Trainee: 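Sharing a structure with you now.
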Amino acid sequence: MKILRPIFLFITFTLLFISQSIFAQKPPSVVSDPLASHIDYTVNPGDDFFMYANGQWFKENPIPLSENSNGLWEMIQATINDQIKTICESSAKMETTTQGSNRQKIGDFYFSGMDSLSINRKGLSVLKKELDQIESMKDLNDLMVIEGMVDKSVVSNLFNFFLGQDFKLSSKYALFFRQGGISLPGRNYYFDTDSKTVAIRHQFLAYAIGLYQNMGYQKAASVEAGKQLMKLETDLARISRTKEQLRDIEKNFTKISLKQLQKLTPNMNWTVFLQSLKLHQIDTVILGQPEFFKGLDQLITTVPLSVWKDYFKFKLVNSLTAYLDDKLYNNYFSFYFTTLRGVEKPKSRWERVVEKTNKSLGELVGQVYVDEYLPKGSKEKLTEIGLSVKTVFIERIKNLDWMSEEAKEIALKKLAAMRFKVGAPDKWKDLSTMNIDRSSFAQNVMNANRWAHEYMLSKFGKPIDKTEWNMTPQTYSAYYDQPNNEVCVPGCNIIIPGFEKTMADDALLYSIIGGSTFGHEMTHAFDDQGRKYDEHGNMHNWWKDSDSIHFYKKTKELVAQYNSYVAVDTLHLNGFQTLGENIADLGGLRMGLEAFKKTNQYKTNELIDGLSAEKRFFLGWAYAWMINERPETVALSVKSDSHSPARFRVLGPLSNTPEFYKAFGLKEEDKMWIPEEKRVTIW
Ligand SMILES: [Zn+2]
């Protein structure tokens, strides 16, 4: 995926290596374009192109206290949020909405979130039914029912459980069970011994104890519950795989019969679990990490039921604190945002409620968004860029020097079969059975989660709906879906700040949309994970051994390059953990550039604001990743994200691109310089 959430990425000003001696570029006399006005001319482009291209903007736009980061995504998100706010407010004010209509749901959801008096008055009492249900747990069968209930209400719990396309038989849906259950951002947070991580663990414990006190536990009981929670989560982390181990899809795919699962985990009654979710006739499941479930089965019997009760209560309340009273929210914010991400101040209520309304009711908000805000012609322009990148990809695959002829044949078939979902879905999901009213924000959030859960499970046994979107048109992101062999680029990707009135020039469109979006996503179909799926989306390795050998030889160099980057203090990137995304960035840049070379702007090399077509393309690439992040957020992303931080999504790919060296006149002494024989081209 191009981006997930703005929890990762960064840049600290302390890291800047500013070269005062080599000022290769002078500011143009007239500045009217974001590309030219964002440049920091005190930085040598060959030393740090990320800061050269974006530095001036960073200087003028410090990170607000309420944010992890500031940059292009935040600008785009602010535009989208303002539009969604208008949709929410106008819906809440509508007097004649029909009960059950889209506008009624949007309006009531938003109203319930803005009604802080009622939220604070009711506090945790809105969760009484669920908390009582957890308290009434009597045996291990009840535990399995509670697991399903909490998972359905708040999306994640002791393990992750979802319905998706079977990787080995993409025409069928299957049930997936994967490791889960921890409340810190990753497995390593439970074991790393550096002082920062140790401090985070202490603060997490204090936070958990505080949460138990807010639930009404006596002081001693809350301390004990907090300690037991920490111990249990550490045990869950211990039986979990690392981020690197999770990268290999094949190794995280074990299809077994329900009987075998029951044999593997005799203490977990799966029949009870599945029946509680109205799932009948299940005979096989897909286990991501069998040893996790085997370990969990041991924990189920050795950990006392009272500890499990406390654990489930914590998971339920912790997942909903953002929608409960101010006291709970402030504690949650203090740990999850300030301690973990360095954010000092919460966002205003309306921003949080708008974001949540959009997240829970995205399909409904999206229908209004497309009608009222998506610029006309967006779909056509996005499609044009996507098709151009696809044409380039075909040419490049034919000419690859490392891929065997047999593999190329399948790669070309896969490319020909690849579908695009662009702009907005033709068919919207039917949310008519979702109950939303004005009485409780947290209940509305749970109702939306439960609806989504039931909707997901209702697909079991039905044919795959190829028209379904997994993202809304107002989501500034994109994805490649392996089982469906499709790229989805939502309509709002056409937004480029600074070009609100006219369409941006092709240099920007082809770098940001062609390269970092379409090109990036399309490479995922062909990389070390994509090669495991054929043109029908079935898991089937189409590489020969020689393809693997050549590919890994190239990627080894890339892993070493990224390992050498220092993100914060002495924290290096993990070149292996981020390999797939780094390859996608490198390939995306190449595809976008080759597609751009076919445009008129490139051919005529018309100067805009004193910038050549190629310079604008590379500045556009840096603009796509113009994201300034707090060091805490960067550190968190280095430990838990499969994407590199923004700065290295610029430096890495450009350092391997000869056209960039030429466009900005890089010299051997420049910090981004990589000797020619060490530069990597994969696609
Ligand atoms: Zn990606």
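Counting starts at 1 for both ligands and their atoms, following the listed order. Note that the structure is predicted; figures quoted are calculated from it, not measured.
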Trainee: Between Phe292 and Phe159, does the ring centroid distance fall short of 6.0 Å?
Mentor: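 Ring centres of Phe159 and Phe292 not closer than 6.0 Å.
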Trainee: At what distance, to the nearest 0.5 angstrom, does CD1 of Ile394 lie from CG of Leu412?
Mentor: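 One finds 7.0 Å between CD1 of Ile394 and CG of Leu412.
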Trainee: Looking at Glu581, pick out the N, O or S atom nearest to the Zn ion (ligand 1) and give its name.
Mentor: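 When I compare the N, O and S atoms of Glu581, OE1 is nearest to the Zn ion (ligand 1).
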Trainee: With distance as the sole criterion, is a donor-acceptor pair present between the side chains of Glu74 and Asn70 under 3.5 Å?
Mentor: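 The criterion, which ignores hydrogens and geometry beyond distance, is not satisfied for Asn70 and Glu74.
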Trainee: Under 2.8 Å from the Zn ion (ligand 1) - does any N, O or S atom of His520 fall there?
Mentor: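 An N, O or S atom of His520 is closer than 2.8 Å to the Zn ion (ligand 1), so yes.
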Trainee: Can you tell whether the side chains of Glu384 and Lys381 come within less than 4.0 Å, N to carboxylate O?
Mentor: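 Yes, Glu384 and Lys381 are salt-bridged.
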Trainee: Considering just N/O/S atoms, say which atom of His524 is closest to the Zn ion (ligand 1).
Mentor: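 Of the nitrogen, oxygen and sulfur atoms in His524, the Zn ion (ligand 1) lies nearest to NE2.
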